[in-house]
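Below, read A as the first sequence line, B as the second, and so on, with proteins coming before strands; counting in each chain starts at 1.
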Amino acid sequence: MKIRAIKGIKDILPEHMTKWNVVEQSAHRLARCFGFSEIRIPTFEQTQLFARSIGESTDVVEKEMYTFQDRDGTSLTLRPEGTAGVVRAYLEHNLATQFSMRKLYYIGPMFRHERPQAGRFRQFHQFGVEVFGTEDPYMDVEVISLLWQYFTDLQLPELTLYINSIGTPDDRQQYISQLQTYVKPQLQQFCENCQRRFHTNPLRILDCKVPRCNTLTEKAPTLLETLSDTSRKHFTHVQNGLKLLEIPYTIHHRLVRGLDYYSQTTFEITSSHLGAQNTIGAGGRYDGLVKNLGGPPTPAVGFAVGLERVNILVPSAVIGDTPPLVVIAGFGEKGRPKGLKLLTRLRQTGICTDADFRANSLKAHLRSADKLGALATIIIGDEEAQKEVVIIRNMQDKKQVEVPIALVPDQLKIWIHQNGNIF
RNA sequence: GUGGGUGUAGCUCAAGGGUAGAGCGCUGGAUUGUGGUUCCGGAGGCUGCGGGUUCGAAGCCCGUCACUCACCCCA
């Protein structure tokens, strides 16, 4: 029996790493540009942290967590998302006392026991940001604009930004009863799922993909109509900010986030180039969460990006060239050791160099160099070794020059620097 | 958790009851120490696994596992 990777858990193979590095590096660069500091938090935590922050009755907590017992019996869980852990660390280390406002970001793997599908995995990676300590709507705008710039920098195709406001918990409670009053008389006509949701999570009825349910709620009261004045104002400011920055958005009355901690602004960016799982980044405000987890009342806003989905969308054009590679062809009794020596010396001076020790003829060395994509091959046979020289062969135009061994590093550096001709 | 699709060489796929194939890749060669192109050769498979039908199964039937897409839900 061959041992395979676990279902829904993927290797990232070398041929995909250049793209992954681009995706991750732009996240680091942009987040720092926007004034965020990186934080690394554990991949597993006490189960109750997630249960309390995400919400006991959410799907994530109810059936998607990888939960196991520690040796002393404590229930632990592989993190299904990043926000809960960041908030925990924020409180545990009193990060609030150092600045009145904290802007943090993270990149790392998350775990959810879901059925795998296009763009959905059991171990997946997220880039997320969290801002603690301000309820200014402009901070919502800043966070959205970071997300938007991240995606447009990477040239992701066919993006749509959806925004909505789900108000304060009070607003929501009020809205939920209005919605229930509206739905109740026709409850029998809704799909089975929605009938269940009617009791467990009524807001999600708006989100249902069954067309009939959608039609039934078409004339239902909307969240926005029910918002309190302050919530409504907040949302208007967010929209004005987006307009000011010329970030195109669509108000999506049915946009409800799946995690319980959200409040006020919610947003989501989708791309039509993905399969059914077309959300690449989403987030919103969660003004109540910090207090909920035992901290002082602290407004907060953030987002999370699914990096696997981003990777699928990044066009190959944004991926840079691989560094120039020099290959050493050392052969013969005297050529081999000289080759090894030069190989090491070049690497010490920072020139990316490789050699194929299996090859024992010049032909084999050159074939190997070609496969490695070498720009130049350095030939050292016994004759050259004797004369303390090497032949540098330009793999593109086949031109060769003889150079004393001692001068090789400098010659190559000049050439690589000019990115042009050695000769 | 529920449904559909697909499992044949490292990869992409043929063969639809009668000896398991191609392209790409890998590897060796085409006279001396010069790569990519071309030409010739080679390796590589219990056709996912188990059972059944049959003189005979990669192909049909049943089961099972894996992969995949979709539902649910989410990034």
How close or far is atom P of B:rU34 from atom CD of A:Glu384, stated in whole angstroms? 12 Å
Which residue is it: A:Arg120, A:Lys10, A:His125, A:Gln126? I am looking for the one with a side-chain hydrogen bond (donor to acceptor under 3.5 Å, both in side chains) to A:Glu308. A:His125
Across all strands shown, which nucleotide pairs with B:rG3 by Watson-Crick or G-U wobble geometry, both distances under 3.5 Å? B:rC69
P-based separation of B:rC74 from B:rG3 [nearest Å]: 22 Å
With a cut-off of less than 4.0 Å, is there a side-chain N or O of A:Lys334 near OP1 or OP2 of B:rG33? no
Among B:rU34, B:rC74, B:rC73, find the nucleotide with the atom closest to the side chain of A:Ile391. B:rU34
By nearest atom, which of the nucleotides B:rA75, B:rA70, B:rC73 is closest to the A:Asp59 side chain? B:rC73
Does CZ in A:Phe44 sit with more than 12 non-hydrogen atoms of other residues, nucleotides or ligands closer than 6.0 Å? no
From CZ of A:Arg120 across to C1' of B:rC73 the rounded distance in Å is 6 Å
What is the base-pairing partner of B:rA58, counting Watson-Crick and G-U wobble geometry with both distances under 3.5 Å? none
For the pair made of CG in A:Leu274 and C1' in B:rC74, what is the distance, rounded to whole Å? 13 Å
Any idea if B:rG35 is syn or anti, going by the 90°-from-0 cut? anti
Test A:Lys338 against every option in A:Glu384, A:Gln386, A:Glu388 by the side-chain hydrogen bond (donor to acceptor under 3.5 Å, both in side chains) rule and name the one that passes. A:Glu388
Ring-ring centroid check A:Phe36 A:Tyr105, cutoff 6.0 Å: no
Less than 3.5 Å between a donor and an acceptor, one on the side chain of A:Arg112 and one on the base of B:rC73, is that the case here? no
Out of B:rU68, B:rC71, B:rA75, which nucleotide sits closest to the side chain of A:Ala276? B:rC71
What's the spacing between A:Ile328 CD1 and A:Arg345 CZ if we round to 0.5 Å? 10.0 Å
Provide, to the nearest angstrom, the distance between the CD1 atom belonging to A:Ile380 and the P atom belonging to B:rU34. 17 Å
Pairing partner (Watson-Crick or G-U wobble, both distances under 3.5 angstrom) of B:rC74: none
Any salt bridge linking A:Glu45 with A:Arg88? Criterion: basic side-chain nitrogen under 4.0 Å from a carboxylate oxygen. yes
Can you check the distance between B:rG18 and B:rG35, where both ends of the measurement are the P atom (answer in whole Å)? 47 Å
Which nucleotide, if any, forms a Watson-Crick or G-U wobble pair with B:rG21, using both distances under 3.5 Å? B:rC13
Sugar-phosphate, base or nothing in reach of A:Ile379, heavy atoms under 4.0 Å: base
Report yes if a side-chain nitrogen or oxygen of A:Arg367 is closer than 4.0 Å to either non-bridging phosphate oxygen (OP1 or OP2) of B:rG28; otherwise report no. yes
Tell me whether the side-chain N/O atoms of A:Lys363 come closer than 4.0 Å to OP1 or OP2 in B:rG35. yes
Regarding the side chain of A:Leu362, the nearest nucleotide among B:rC74, B:rG33, B:rU27 is B:rG33
Short side-chain N/O contact to B:rA70 OP1/OP2 from A:Gln117, under 4.0 Å: yes
Just how far, in rounded Å, is C1' of B:rG35 from CG of A:Asn394? 13 Å
Any-strand Watson-Crick or G-U partner of B:rG63, both distances under 3.5 Å: B:rC49
Phosphate oxygens OP1/OP2 of B:rC74: is one of them under 4.0 Å from a side-chain N or O of A:Arg204? yes
Taking only the C1' atom of each, what is the distance from B:rG44 to B:rC26 in whole angstrom? 9 Å
Are A:Phe331 and B:rG33 stacked, counting the six-membered base ring, centres under 5.5 Å, planes under 30°? no
In whole angstrom, give the distance that lies between atom CZ of A:Phe121 and atom P of B:rC67. 13 Å
Nearest to the side chain of A:Lys10, which nucleotide is it out of B:rA75, B:rU34, B:rC67? B:rC67
Quick one: label A:Met110 by what it contacts on the DNA or RNA (base, sugar-phosphate, nothing), any heavy atom closer than 4.0 Å. nothing
Looking at every strand, decide which applies to A:Arg115 at a 4.0 Å heavy-atom threshold: base, sugar-phosphate, or nothing. base
A:Phe132 ring center within less than 6.0 Å of A:Tyr90 ring center: yes
Could you check whether A:Ala369 gets within reach of a base, just the sugar-phosphate, or nothing at all, counting any heavy atom under 4.0 Å? nothing
Where does B:rG59 land, syn or anti, once you apply the within-90°-of-0 test for syn? syn
By nearest heavy atom, map A:Gln277 and A:Lys7 onto RNA chain B; which one lands nearer the 5' end? A:Lys7
B:rC11 and B:rC55, which share atom name C1', separated by this distance in whole Å: 38 Å
Sticking with atom P, work out how far B:rA9 lies from B:rU47, rounded to a whole angstrom. 10 Å
Answer yes if the ring centres of A:His252 and A:Phe267 are under 6.0 angstrom apart, and no otherwise. no
Quantified in whole Å, what is the P atom distance between nucleotide B:rG56 and nucleotide B:rC65? 29 Å
Let me spell it out: for each of A:Gly281 and A:Gln396, pick the nucleotide of RNA chain B with the closest heavy atom. Which residue's pick is nearer the 5' end? A:Gln396
Round to a whole Å and report the spacing from CD of A:Glu114 to C1' of B:rC74. 6 Å
Using whole Å, what does the distance between atom C1' of nucleotide B:rG33 and atom CG of A:Asp382 come to? 10 Å
Whole-Å C1' distance, B:rC49 and B:rA57: 15 Å
From the candidates B:rC26, B:rU34, B:rA75, the one with an atom nearest any side-chain atom of A:Thr279 is B:rA75
Is A:Glu64 touching bases, backbone alone, or none of the nucleic acid, heavy atoms closer than 4.0 Å? sugar-phosphate
Above 12 or not: heavy atoms from other molecules or residues under 6.0 Å from CD of A:Glu15? yes
Quote, to the nearest angstrom, the C1' distance that separates B:rC13 from B:rG63. 28 Å
Nearest-neighbour nucleotide for the A:Arg393 side chain, B:rC74, B:rU34, B:rC72 considered: B:rU34
May I ask you to say what A:Gly128 touches in the nucleic acid, namely base, sugar-phosphate or nothing, with a heavy-atom cut-off under 4.0 Å? nothing
